[in-house]
Amino acid sequence: EAGVVQSPRYKIIEKKQPVAFWCNPISGHNTLYWYRQNLGQGPELLIRYENEEAVDDSQLPKDRFSAERLKGVDSTLKIQPAELGDSAVYLCASSRNSGGYIYNEQFFGPGTRLTVL
Amino acid sequence: AQTVTQSQPEMSVQEAETVTLSCTYDTSESDYYLFWYKQPPSRQMILVIRQEAYKQQNATENRFSVNFQKAAKSFSLKISDSQLGDAAMYFCAYKWNAGNMLTFGGGTRLMVKP
């Protein structure tokens, strides 16, 4: 079974430029997560999708960040315009959530390391 | 809000020895999961071990075991017979039973000396 795929692995941009990250979750996983991991810290959730619906985006800076998950599969996270403080690793994860109180493991991709100059 | 604290930014262990990584958390919930994730330089987070809060027995996965103290809200990871491949960042994480969100600690960098 293929894991969570993310691209690109690295991205270097000038501040004020736009940037986009792509994530392909594990086949059959209905829940998709985007996390941001600042240097030396643990990941923090930006947004969670259940199928096509964004159900938890309270930590997403909506003035410059946007995300979409068309057809409930692949997802794209965009930043426009990027700021120096956006430099971080952006991790995507997916899980197969069947509802209720059943444990559903999150599988992580390798992340995209963004550097804003 | 739930918080997870890892008080050891770095730990070092000799190959084949045992090391314990510490984690404390704060929650008002009674049903939750706790996890330890490993993040090697490749950046991919890998689940090492998980513990359900309702289980009194400590979880064990081969060389990895936890010491779960629910009343003290403590969740430490013990790595026995440390190997060079164990060198990585280790993150403690919490998830409320009825939710999907993982809350991570700040991480502990483990170095393994040959």
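Chain letters run A, B, ... following the sequence lines, proteins first, then strands; residues in each count from 1. These numbers were taken from a predicted model, which means no experiment stands behind them.
The choice from A:Pro43, A:Gly42, A:Gly111 that makes the most heavy-atom pairs within less than 4.5 Å of chain B is A:Pro43.
Linking Ile, Leu, Val, Met, Phe, Trp and Tyr whenever their side-chain heavy atoms come within less than 4.5 Å leaves A:Leu114 and A:Leu91 in two separate clusters. Two different hydrophobic clusters hold A:Phe107 and A:Val73 under the rule that ILVMFWY side chains link at heavy-atom gaps under 4.5 Å.
With a 4.5 Å cut-off on non-hydrogen atoms, A:Gln37 touches chain B through its side chain but not through its backbone. Proximity to chain A is absent for every atom of B:Gln6, based on heavy atoms less than 4.5 angstrom apart. In this structure, the portions of B:Leu102 lying under 4.5 Å from any heavy atom of chain A include both its backbone and its side chain. In this structure, no portion of A:Gln6 lies under 4.5 Å from any heavy atom of chain B.
For CD of A:Glu44, the number of neighbouring non-hydrogen atoms (other residues, nucleotides, ligands) closer than 6.0 Å is 12 at most. Enclosure of atom CG in B:Asn62 is not indicated, since only 12 or fewer non-hydrogen atoms of other residues, nucleotides or ligands lie within 6.0 angstrom. Atom CD of B:Gln8 sits in a crowded spot, with more than 12 heavy atoms from other residues, nucleotides or ligands closer than 6.0 Å. For A:Lys16, the NZ atom sits in a loose shell: 12 or fewer heavy atoms of surrounding residues, nucleotides or ligands are nearer than 6.0 Å. At most 12 heavy atoms of other shown residues, nucleotides or ligands fall within 6.0 angstrom of atom NZ in B:Lys78.
Between the CZ atom of B:Phe104 and the OH atom of A:Tyr35 there is a distance of 5.0 Å, given to the nearest 0.5 Å. If you take CZ on B:Phe35 and CD on A:Glu105, they are separated by 8.0 Å, rounding to the nearest 0.5 Å.
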**OP:** Give the intermediate values and the outcome of side-chain contact (heavy atoms from CB on, under 4.5 Å) for residues B:Met45 and A:Val4.
**Re:** CA-CA 11 Å; B:Met45 300 282 276; A:Val4 177; over 6 Å; no

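At a threshold of 4.5 Å between non-hydrogen side-chain atoms, the residues B:Gln39 and A:Val89 do not count as touching.
Of the possible donor and acceptor atoms, one in the side chain of B:Arg43 sits under 3.5 Å from a partner among the backbone N and O of A:Arg9.
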